[in-house]
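Reckoned from all heavy atoms, side chains included, excluding hydrogens, waters and symmetry mates.
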Amino acid sequence: MEKLVKSVIIKDGLRQKIIGELQGSSRRARQTAAHVIGGVAKQKPEVLVPYADDLVDALNRPEAQTRWECLDALTEIVAVDSRACDKAIPGAEASLFDESNSMVRLSAMRFLCRLGATTENRSEKTWPLIDEGIQCYHGDLGFQEMLNAVIGFSEGKLSDQVKQELKERMAFDAKNGKGALKARASQIIENLSN
């Protein structure tokens with residue numbers, strides 16, 4: 001797989017072919033393509049920027065793996081071209097509330113937090129979804145990982161209103177939580193206070 005990822009990074013034609021497979025009729029081919037794209041995004045996300053719309057479109061596929069791999073790729077693209085990722089918010093929202101797969105929910109939270117941290121305006125756009133995700137999955141197995149994404153969000157360029165609301169959301173856990181939950185909630189509040 002690593003060899004294929006490296007080839008996709010340097011060969012535009014192969015990259016186009018792999019991207020095209022995201023729209024194919026084979027579930028397995030879509031999942032494989034998404035996995036390769038996820039590997040490319042970790043190494044060289046800038047080569048995927050021209051295909052951001054294809055990745056956004058792939059968030060509508062029925063299988064969770066295609067969606068989480070494409071969300072992970074879009075999360076990496078945010079650092080390179082955040083504007084290319086704005087259209088992914090509706091697909092990320094649907095994935096955030098996918099009751100059947102925790103991986104896709106976690107990837108959606110990571111994406112929304114990364115994108116929301118880029119500007120005050122985006123923080124206001126993504127915050128209602130992030131807030132609802134915090135409320136819905138509080139106590140779930142993957143919640144600690146979601147909070148790691150929220151820590152990153154709290155370090156971003158948030159509007160004053162979002163900062164205040166996030167502080168209020170985390171206050172209970174920072175005061176009454178235990179272990180990692182308390183530590184992460186406290187870290188978020190500390191980040192917002194700086």
Should [X] and [Y] be counted in the same cluster of Ile, Leu, Val, Met, Phe, Trp and Tyr side chains packed under 4.5 Å apart?
{"X": "Val80", "Y": "Ile10", "value": "yes"}
{"X": "Met1", "Y": "Leu48", "value": "yes"}
{"X": "Val49", "Y": "Val36", "value": "yes"}

Side-chain heavy-atom pair Phe97, Glu132 within 4.5 angstrom cut-off: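 In short, these two side chains touch, coming nearer than 4.5 Å.
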
Sub-4.5 Å side-chain heavy-atom contact between Ser193 and Lys167: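 Of all side-chain heavy-atom pairs linking Lys167 with Ser193, at least one is under 4.5 Å.
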
Pairs touching residues 54-82 that satisfy salt bridge (charged side-chain N to carboxylate O under 4.0 Å, His left out), sequence neighbours left out: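 Listed by first then second residue: Arg30-Glu63, Asp57-Arg61, Arg67-Asp98.
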
Separation of Asn121 CG from Leu158 CG (nearest 0.5 Å):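 These two atoms lie 12.5 Å from each other.
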
Atom pair CG (Leu112) and OG (Ser95), whose distance is rounded to the nearest 0.5 Å: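 One gets 9.0 Å once the value is rounded to the nearest 0.5 Å.
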
Donor on one side chain, acceptor on other, Asp160 and Gln164, under 3.5 Å: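 Looking only at side-chain atoms, Gln164 and Asp160 do not form any donor-acceptor pair under 3.5 Å.
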
Gln16-Asp12 side chain donor-acceptor pair, cut-off 3.5 Å: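 Yes, a side-chain donor-acceptor pair sits under 3.5 Å.
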
Non-neighbouring partners of Tyr51 that pass ring pair (Phe, Tyr, Trp, His ring centres under 6.0 Å), sequence neighbours left out: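 If we apply the ring pair (Phe, Tyr, Trp, His ring centres under 6.0 Å) test to Tyr51, skipping adjacent residues, there are no hits.
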
Neighbour count above 12 (heavy atom, 6.0 Å) for Lys182 NZ: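 Yes, NZ of Lys182 has more than 12 neighbouring heavy atoms, counting only those of other groups under 6.0 Å.
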
Glu99 atom CD, neighbour heavy-atom count above 12 within 6.0 Å: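 Counting other residues, nucleotides and ligands, CD of Glu99 stays at 12 neighbours or fewer.
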
